[in-house]
Structure formats: structure tokens, C-alpha cells
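Letters go in sequence order (proteins before strands), and every chain restarts at 1.
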Amino acid sequence: MNHRCHLVMQGDLMAGGYRQQPGASSAETRKDGKRVAGKQKFPPPGSGGSRPVMAPRDLDSIPESVGGKEPQPAGSHIHDRYRTGTEVGKPRALVDSHAKVTGQAWYGDDVRLPNEIIGKILRSPHHYAKIKSIDTSKVEALPGVLAVATGADAPNTFGVLPVTKDEHAMAVEKVRHVGDLVACVAAVDEATAMEALNLFEIEWEVLEPVFDPRKGLEDQDEPIHWRGKYHVGTTNVQKRVFQEFGDRSLVDDPTASSHGKWRMEGVHHGFTEPHAVVAHWDPNGRLQLYTPQQVPHYAHRALSTVLEVPMHQINVIRTFVGGGFGGKSDPFPHEMCAAILSRKAGRPVRINFTREEVYWINRGRHPSYIEVKMTADEEARISGFDIDALIDGGGFASFGHVTSYYNGVLATAPYELGSFHYTGARVWTNKPASGAMRGHGAVNTRCAVEVGLDEMAEQMQVDPIDLRLANLLPPHSRTISGFRITSNGMREALERVREGSDWDSKFRQMPLGKGIGIGCGFFISGSGLPIHWDPNRFPHATVHMQIDMDGGVTVHTGAADIGQGSTTAVAQVVSEVLALPIEMIHVRSHESDTSPVDLGSYSSRVTFMNANAAIRAALDIREKLLNAAWEMLGYHPDVLVLNDRRIYYKHDPAVGVSYLEALHKAQEDKGSLISSGAYRSPPMGGVHKGAAAGLAPAYSFSAYVAEVDVDVETGLVACTNVWAAHDCGKALNPLAVEGQIIGSCHMGLGQVLSEKMVYGRTGHLQNPNLLEYKIPSIHEMPHVTPIIVESSDPEGPFGAKEAGEGPLLPILPAVVNAVYDAIGVRIRDLPLTPDVVWKAITAKCKALDGIDETELPSPRLVHSPLQPTLVARGQEHKERDRKRQRSEDTSAYVNGVLFGFDPDRPLEDQVEGWKSAVEPVPEQLAELGLAGKAWLKKEQRQMGGDQ
Amino acid sequence: MIPSAPKTIWSAKVNGQDVQAIAPSNAILLDVLRDEVGMLGVKRGCDLGTCGCCTVLIDGEPRLSCLCLAGQVEGQEITTVEGLAQGAHLAPIQTCFATHGGSQCGFCTPGFLMSAEALLNENEQPSRDEIACAIEGNLCRCTGYQQIVDSIEAAAEIKRGDAPAPTPASDPHPNPHPEGPDEPSMPPGHAR
Ligand code: FES
Ligand code: FES
């Protein structure tokens, strides 16, 4: 310590040897103006000496709080002092974009290994059947067939969630949907493998299938799965949820109320790359598995279980992923099949899916029946949400356990509620399994809730945006279910779309057939609990970093880049902290052998958690570099500045060392600089059952306004314009954030206007292809104006939150509300295909004494006296929110304050009726909604059965 | 092994090179390009002509290689995404897809690049509507198309010479003998 003080005092003296002349960067050009291929252009370095150049500090990208010029309306951030103005906040091409535009990106089907053979999967022709016997002798006898496997080869179960492992590599006892895996073969070529599939001789016992989730709530002769003592009666209920918070007496005597019953079809991710996998057991007996996975780590775990091989004997290699959206996040049975076949044949096995097979494995959004009742009191406060969601899980559990919660709990914000009541159930049916899809679990109920608000606003004759603005939870508050809200840009998002879309001169003022609507969204930014709970407090994300003598930074992370740009985000934050050009950062993320464990790309966790881990690793290196510079220059790190590969004295930029000089100093006697950073979310949330579902270290907020044209004669809806404001905390890469917003709009528009998985009368999926499954083409896309709202999250990396899933939510209700504004008809059947809309229009015309559809009255709005009250309350809250956001007001705020409660005392003590319950009391059973009926049954253990 | 259709020698000019491949007479162009010629940049998204990922240029015209028998294009000139760049120099359309966000997961990108390239070869100054019509057969699930159209517009500008070609990192260095990226100006530890 003393020694160091001495150095500081001696600063100027010591620095004498390091006085350099950093100048402005100058563009170097060759005299003849020609270029030479193959040589990398590199920004001029700031090493001083013979090449005294250093790029000037980009003050526009350095926050005000640390002396820069970047405005910070949301207040300062703890990472501000590590900003160097290098990368954060700048629109950047993805670091792997050149591989993608040259065709060199290697996706699942592009892995070609020497001596490989082709695997094919035999799929069930039956919806539901027992396999009595499988005879493979003819298959094995076919010349060219090298391996055959059936369910008997891999009896262990797996599943993405440890609580619901109900899948097998191939059907063991029975098949559960058409397309379920029965057996697989590997042969020298595809034609032989295809032929081999015809030679299996199988004896089936066909069982009575269930397709309608409502039927699945009833007792069955042969439930699709059996959960032993936890099985609910003998039904097909996989998971049921009950949650009740708040004061239910507040919903009595409502001023406005809305009651909507929704039917939402299942939709598929529709990624462009079909699944593909290559498995290879290397000569040392280790499995090398190449697969386009969003969540390689869970596949890794499942492979280990199914193959009965320790995890360290498996190397999961994530290829480039051609779109995931949740659809490539389960461990998949075909991955096991490839491994099993390869083990048997002793050669690499490749399995490619056809587009049809992609639909059989599904994991898309759950087809849902949703019922939402909501009420508002005389001050237009939202006194209650009552949500009931019955979701159709298909043949397997997948992520369903979580989806069942998300359908309710993610509706508890961004509004302050008097009470919240949710019943949800997920049932197995004999259809391809539903799972996680972009906006997991939150999308359908969000749509129902936002449309309900629109309806209540209409009843109260107030503007729906003002209704929302006067009921928002502030930053740094707690939702009714106990979620901790940190940064919150909801208000700004609403205000900016209102202004951008010129809402006030359009809403309820446009002619018949033209409409405008609003919708909001709220989503998690990473789930607070990792799916594989571990008693040993593993971090959620870990990043390793290594710098060798050459100065290049190698970053190892397990985060799966699925096109969202997570690799770029990691490279950007490292580059920002170390003030190195992004070309010097090399991210390695493909192999489980070399990457630290990362939980994968789901629940929008990667930017938040992984970039936080990367910042920590980079800070460690930064400290080492600064200490080295301290030793060389004699100035304490606090007065040293990092900029463009140079470290210099704050008050005299000429005194400094180059990055490489500092690096080599730091490497003395050590060799490579190595560091590791990890992220783990802080402890949060309540203690009730299911309290962890929906917990996140931060939440994103969004508000969209959509404009539509409805052809009243055909029912065709065209969305023409969208203003999309999303609060992503801080846009690390605005280009990527905008891309995510527009892409989310596209996917949500598909769900609300055209996409559905059509199951015919016989329960058969009728459109497993991209021709009949209608993903919007460019002609259906509206013009989207992305608006980035930055609320600077205190725990996010440089303030960032998610931007990949949340932006999908608001587009659905915005469109549905806009359709109402256009034709005065509320439709609660998604998607709004022309037949659905036209039917609704005809029904409405009939109800209005058979008027012609061109005479439909357009809805109009005359403000009631409540309107000015709401505007005033909104204004008041705006000031409240501003102060809280900037931490000028740090008092506690919990949901309930709007209703007059004291945030510092438990609400239960203040109101008699305030409760939080996770199981219905017997008196409630009779009034429960559709999904709530699942609570009428007892679990086997309560019935004495525990088989 | 299952007997396959009789094999024939297939020849064509792929990305400026004469190639020959031995393939069954009923082989699909997509399969031949990927498996025999080795152009793995041509992507298979559906095999049914519905996604556009497999788009290649046949004598300058965009075509879906999954719906095309190899025999149909015997002897013709085929351009795939691998043929767009001139050595290390990316074509403007490639650079712009990178810099304007036209490619997220990238799986649809080769198809879009080929459709766009065909358009730009014919039309120097396409409107956004014309661009939309040129890529209507290509499906992208990631980008929502908007940044793809931006990319194509930007590439058109560069091609016309209205905008300077950007110099991304992989572009060649102007100096034929650059020094190391960042050499120390003096030996480390000098100050001690
Ligand atoms: S693979 Fe040719 S159009 Fe899809
Ligand atoms: S970038 Fe992923 S499908 Fe287009």
C-alpha cells in the first residue's frame, strides 16, 4: 500500500518516460489508391511513439454522469464509469454477419463429416395407440441398413423441466400423437433409409384419442401420461394453477366491467431452418453432437440421462441456429436417436427434418381458451382481474409447467390492481406438443387483458391511453403477486406512441373500415430461477476471458446466438469496457467442451445475464491493465482513462501507455491474462407456491399503436402502420433492438391475422407446411416505426433489458382494438382471418336490424367527466414516476397504494379481505371458470391411490 | 441399397467455374448443388418451393433450386451465394445486409441475397414496392423484412455510385505492408 502511495506522489516524475503525443486518427491511404485483398484493415492504434494516433474519445457515447454528453433522463447507472464510448449504444452489424452473407455460416444441415450415414425416423400413424410389438428383422435384413433402434434402446425419460420428464427418445409403450417417434434407422443413403421405414412390422392397439382440451379435464379411461400420486383424478390435466391476491371485495359495484371469452389457435415458430442433427462417437468413445440448439446445456443433460453416459463424455456443438423463437429449446428425441444410431453403427449419423416433421415436433404456442373478467371502480382504478386460461399442451409436458403460470402471473403488471384472480390448467391431448414460443405464456392473456381495458375505457367514455397512464405501477415497486419492478419505461412508451401515431386526432374519428388501436406489453428479462434448481447456487451465466501476448481477447460463453445477436452483445460490452475495437474480441460459444455452462437462450435472459457476466470478466482484466499502467505511469487507476487501445492520465493525455504495453506489463511472470465473470440474479419474490414463476431481475415494457384497414365486405384485415415503443433499458445495439421490434411485430401479426395450426375433424394436423401455414410475407407487413425507450435498468448491463420477446406482446391487442375502432365489432377468435371477421360483421348487421355492412356505425367517443380526472392523475403520477426512476424518491411502493394502502405495512394487516392464496377454498369451487374445473378433481394421493 | 435412377454426368457453370458431377438423372438441383458441388450456402428450408431459402440465379434469373431438376439447367450458368463476393471483396448487397440488419439468424439470407442481386442487376433504382415484389417469394421469420428492404435500398445506392462503398472490417487494408496491429512503442517495464 505504502509503496503504491509513493508511486502516486511520484506520478509526474515517473510518467516522464511515458510522455507520448496522441493525435487525431488519420485515414491512411495507399498512394496508388489500390487495395490489397486479404489484409485486414485495422483502426490505427494509440500506441504513441512512432505512430502517435488515437481516436478521439466519443463523448456523445459517454454518459453525462461521468463527464460525457450522452443524456441520461432516467438517471445514472453503476456501469457508467466503465463506459469508454467504444461500442455501447452504437448501431452495429452482427459480428457473425459476414459468415451469414457469404453462405459460410454452418447450420445443422451443413455439418458434413467423413463417412457419415443418414438417419430417418419412423413416426406414428396413430393419434394414440399402444405398441404391442415391433419386428425389425426385415429392416435389419435390408442391404445398406447399418443400425436400427426402437424405444427399448433408450428407456430413460427426459424433459426440459426436471419436474416433468415425460419424453422418451422413441415411444416405449405407447405413441401419443401422429408423428410421435416410434423407431429410427440409419443407412448408407437416404433412399435406403426411407425404404427401410416401410419394413417395420408393428402391432398396434389403437386407443381412443382426446383432441379437445376441454374434454381432457374429464376423467379418462387411459390418461395420456400417468403422474402417480400427483395425478389429478384420472384426467389429462398436466398442471393446474390457482392464484388469488388482493381484496376481492373491491370488485363489487363496478363502474365498468368487461367479460371476454377468447379462443386462440395454436401457432408455430416457423423458423426457416428445419431441425437437423449430426452425432458422432469419436475414437475415444466421446459423443460429439452437432445441433442447432437454443439451449445446448439442457440437451447436454438429457443426452447424458438417456444415453447413460456422463456429461463430460459428451461434447454438444451448437451449430449456427436458423431461428429458434423457443422452438429449439427443448432437448429433442431426434438428438437422442442420432446418438443411439451412431453408437450402434460406429459411424457419424445425420438426421435432417422435412418441413412436415418440424410441425410434428412442434412446441409452438398453446391453443388456448381464455376468459377474462375485469372491473374498474368509480375512479377508474382497476379493481380486479379475473383470468381463466385452459391451454392445450399436446402430447408432452415440455415447458408447460411454466406456461401454465405465465398465462396468469405475467398479467399482474404494468397496472396497479385491486385484486387478481387466476385459474389455469394445461391438459395433455393427442396432438404434437406445445411448448415455449416467443413471448412465452404471456401473449394470449395479454391480448385478452388489453382488449378488456379498451372495452372498459369505452364504457367509461375515456381515452384508453389515459386510462392506462392513470393506472400504471411506478418504477421501483412491487406487483400484486410480489414481483419486484425496477426500471419501468411504460409511461414514456405510451406517451411516445401516442405522439408518434398522432393518436389524439385519429382515435374514434376515422371513417368506417379504418381504425387505430393500442396495446401494451410486459415481459420478463430473464427468469429469476434457473430451470434446473441447484442447491449449490450455480450462477445463471458464466463468461471466461483470455488475453494472450498478441492482445486479442478470446471470450468463452455458452450463450447460444440464435440470430438475436447475443454474441455481438457480449463482444460489444467487452469492447466497451476495455476500449478495444470490436474486431479484437473473439467470442467462442459453440462447444460445451470449451464454454462455461450457460443456461441457454430462453426467457430473454441472454443479454441481461450473459452481458452482465461478460462485464464482470472484463472488469477483472481492466483492473489488471490499470494496475499495470499505475505501476508504469505512477498514476492511480482512478485518474487513468481507457480509450482506443491506450491508457492515459486524465489531466494530461500525453502521459500514457498503449494497451499492449500495459498488457505485457500485466502479463509479466503470469502469461495470458485470464478472468471469469458470473451472474446470478438477486434473491427476490414471495414465498407462496409458484412465487418463482415470472420472477425476473428486470422486466421490459412496451406499447404499440396499430392502424388497420378492414374491408367490411370481405372481412379482410390489413395492418398498415405500427408505432412500436419498447423499453429495453438501454439499447446496446440499436440496430439489433429495432430488428427485434420489427421482427416481433411480424410474428405477432402472423398470430393475430393469419397463422394457425389447423386440426381437422379427425384431429389430424392439416397444414404442416409453409404454404398453408400462413406466415406473413412482405406484402402483409405494415410499416413499423420502432421507438426505443431507455429506462436504464439498475441491474442490467449498462442498463439494458430484454428486447427479443416483449415486443411481440402488444401487437395482438393493438390490432384487435384497431379492428374494433374500424368496424365497431369486438372479435375474440384469433386469428382474425377474413371468414372470422366477416362472420362477426354479418352478425352485427343482423343485430342492427339487418343493415348493410357499409352502413355499420363506427364507434365514436365523447369524453365523460372521468376523462379530466384521469388526465390529472396521469400527470401527477408522471412526476411521481420521474422521481422514483431517478431515485430522488426511494420510498417503498407496493401494488395497493393507489387504493389508499400504506406501503410500509403488510397489506393483510390493513384490509381484512386482503389475501394471497394458491388453492381454492371449497366455497369457491362452484364458481371457477373453465380451467378452474381442474380443481374439482382430487389428486391421487388425496384419493388414497398412489400407484 | 435401393437401386437409384441411372447416374449421369451433369455439367454446368457454377459461380464461373465449369463443374461436373455424377448424379442420378432425376436429381434435384438443390441436392446436387449442396451434396455434389459443395455449395452449402444454398439452404433447404422446405423442399416445397414455399420459403425461398434455396434461391439461386440461373443465367441471371432467380429460381428455386428445390423445384428444379438438375437436368433442366444442364450447361447453364448458376450463381449461388458463394459466387457473390469477388475474392475477399464482398458485393455491396452482402455488406449492406450486414450493416443494415438484413440478416438476423441468417438462414434465409442466401435466398434473399440472390433475389435482391437479380433485381439490382435489372433495376438500378428500385422503389420499395419493386423491392417488395422482388422478394415476395422469400420468407424471413426474424427480421420482419423492413431492414431487408433497407439493406437492398442501400446496396442499390452503392451500386449506382450514389453512396460510397462502406469499408467493413474484412475489407482489405490500404497499406500492403501494415505493421502489427498494436506494437509497443518501447519495451514493457521501461520506466522502472
Ligand atoms: S427449399 Fe426451396 S423454397 Fe424452400
Ligand atoms: S434472418 Fe432468420 S429467417 Fe431471415
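At distances below 3.5 Å, not a single donor-acceptor pair connects side-chain atoms of A/R355 with backbone N or O atoms of B/T50. The backbone N or O of A/L735 lies less than 3.5 Å from a partner atom in the side chain of B/Q147, making a donor-acceptor pair. Although no hydrogens or angles enter the test, the distance criterion places a donor-acceptor pair under 3.5 Å between the side chain of B/Q104 and the main chain of A/G739. Looking only at distances, no side-chain donor or acceptor of B/Y145 sits under 3.5 Å from a matching main-chain atom of A/H746.
In this structure the side chain of B/L113 reaches within 4.5 angstrom of the side chain of A/V101, judged on heavy atoms. The shortest side-chain heavy-atom distance between B/Q146 and A/H783 falls under the 4.5 Å cut-off.
Taking chain B as the reference chain and counting heavy-atom pairs below 4.5 Å, the highest number among A/G324, A/G270, A/S744, A/G565 is found for A/G270. Counting heavy-atom pairs under 4.5 Å between each of B/L48, B/I93, B/I135, B/V81 and chain A puts B/V81 at the top. Of the residues considered (A/F271, A/F353, A/F325), A/F325 shows the highest number of contacts with chain B, using heavy-atom pairs under 4.5 Å. For chain B, the option among A/L94, A/I775, A/L771 with the highest count of heavy-atom pairs below 4.5 Å is A/I775.
For A/Q740, the parts lying under 4.5 angstrom from a heavy atom of chain B are both the backbone and the side chain. For B/S103, the parts lying under 4.5 angstrom from a heavy atom of chain A are both the backbone and the side chain. Both the backbone and the side chain of A/M747 come within contact range of chain B, each with at least one heavy atom under 4.5 Å from a heavy atom of that chain. Heavy atoms closer than 4.5 Å to chain B are found in the backbone of A/H269, but not in its side chain. Contacts of A/E356 with chain B are absent, with no heavy-atom separation under 4.5 Å from either backbone or side chain. Heavy atoms closer than 4.5 Å to chain B are found nowhere in A/T354, neither backbone nor side chain. Of the atoms belonging to A/V784, heavy atoms from both backbone and side chain fall under 4.5 Å from chain B. Neither the backbone nor the side chain of A/A187 comes within less than 4.5 Å of any heavy atom of chain B. Using a 4.5 Å cut-off between heavy atoms, A/E273 touches chain B through backbone and side chain atoms alike. Only the side chain of A/R112 comes within less than 4.5 Å of a heavy atom of chain B; its backbone N, CA, C and O stay farther away. Both the backbone and the side chain of B/C142 come within contact range of chain A, with heavy atoms under 4.5 Å apart. The part of A/N769 that comes within reach of chain B is its side chain, from C-beta onward, which places non-hydrogen atoms under 4.5 angstrom from that chain. Within the 4.5 angstrom heavy-atom criterion, only backbone atoms of A/P782 (N, CA, C, O) approach chain B.
Heavy atoms from other residues, nucleotides or ligands lying under 6.0 Å from CD of B/E122 number 12 at most. Within 6.0 Å of atom CD in A/E772, more than 12 heavy atoms from other residues, nucleotides or ligands are found, so the atom counts as buried in its surroundings. No more than 12 heavy atoms of other residues, nucleotides or ligands shown are found within 6.0 angstrom of CZ on B/R63. Around the CG atom of B/L69, the shell of radius 6.0 Å holds more than 12 heavy atoms that belong to other residues, nucleotides or ligands. At most 12 non-hydrogen atoms from other residues, nucleotides or ligands lie less than 6.0 angstrom from CD of A/E190.
Taking all atoms of both residues into account, the shortest heavy-atom contact from A/P274 to B/G45 is CG-O, 3.5 Å. A/Y107 approaches B/F107 most closely through the heavy-atom pair OH-N, 3.3 Å. For the pair A/A93 and B/A98, the tightest heavy-atom approach, listed with the atom from each and the gap, is CB-O, 3.2 Å.
If you take SG on B/C140 and CE on A/M781, they are separated by 9.5 Å, rounding to the nearest 0.5 Å. How far NZ of A/K100 is from CD of B/Q94: 14.5 Å, rounded to the nearest 0.5 Å. Going from atom CZ of A/R92 over to atom OG1 of B/T99 covers 11.5 Å, rounded to the nearest 0.5 Å.
Residues of residues 126-133 of chain B that come closer than 4.5 Å to chain A, counting heavy atoms only, are B/A132, B/C133, ordered by residue number.
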| request: Starting from the C-alpha separation in whole Å, work towards a yes-or-no answer on side-chain contact (heavy atoms from CB on, under 4.5 Å) for A/I778 and B/V149. | output: CA-CA 9 Å; A/I778 182 155; B/V149 179; 3.5 Å; yes

| query | Given the rule in the side-chain contact (heavy atoms from CB on, under 4.5 Å) test, do B/K43 and A/T272 qualify, once you have shown the distances and angles that lead to the verdict? | reply | CA-CA 9 Å; B/K43 298 295 177 215; A/T272 42; over 6 Å; no

| message | side-chain contact (heavy atoms from CB on, under 4.5 Å), that's the test. Do B/L139 and A/L770 meet it? Break it down for me. | response | CA-CA 9 Å; B/L139 209 64; A/L770 292 173; 4.0 Å; yes

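Take B/D31 and apply the side-chain contact (heavy atoms from CB on, under 4.5 Å) test, not counting sequence neighbours, and it matches B/I28, B/D35, B/R44.
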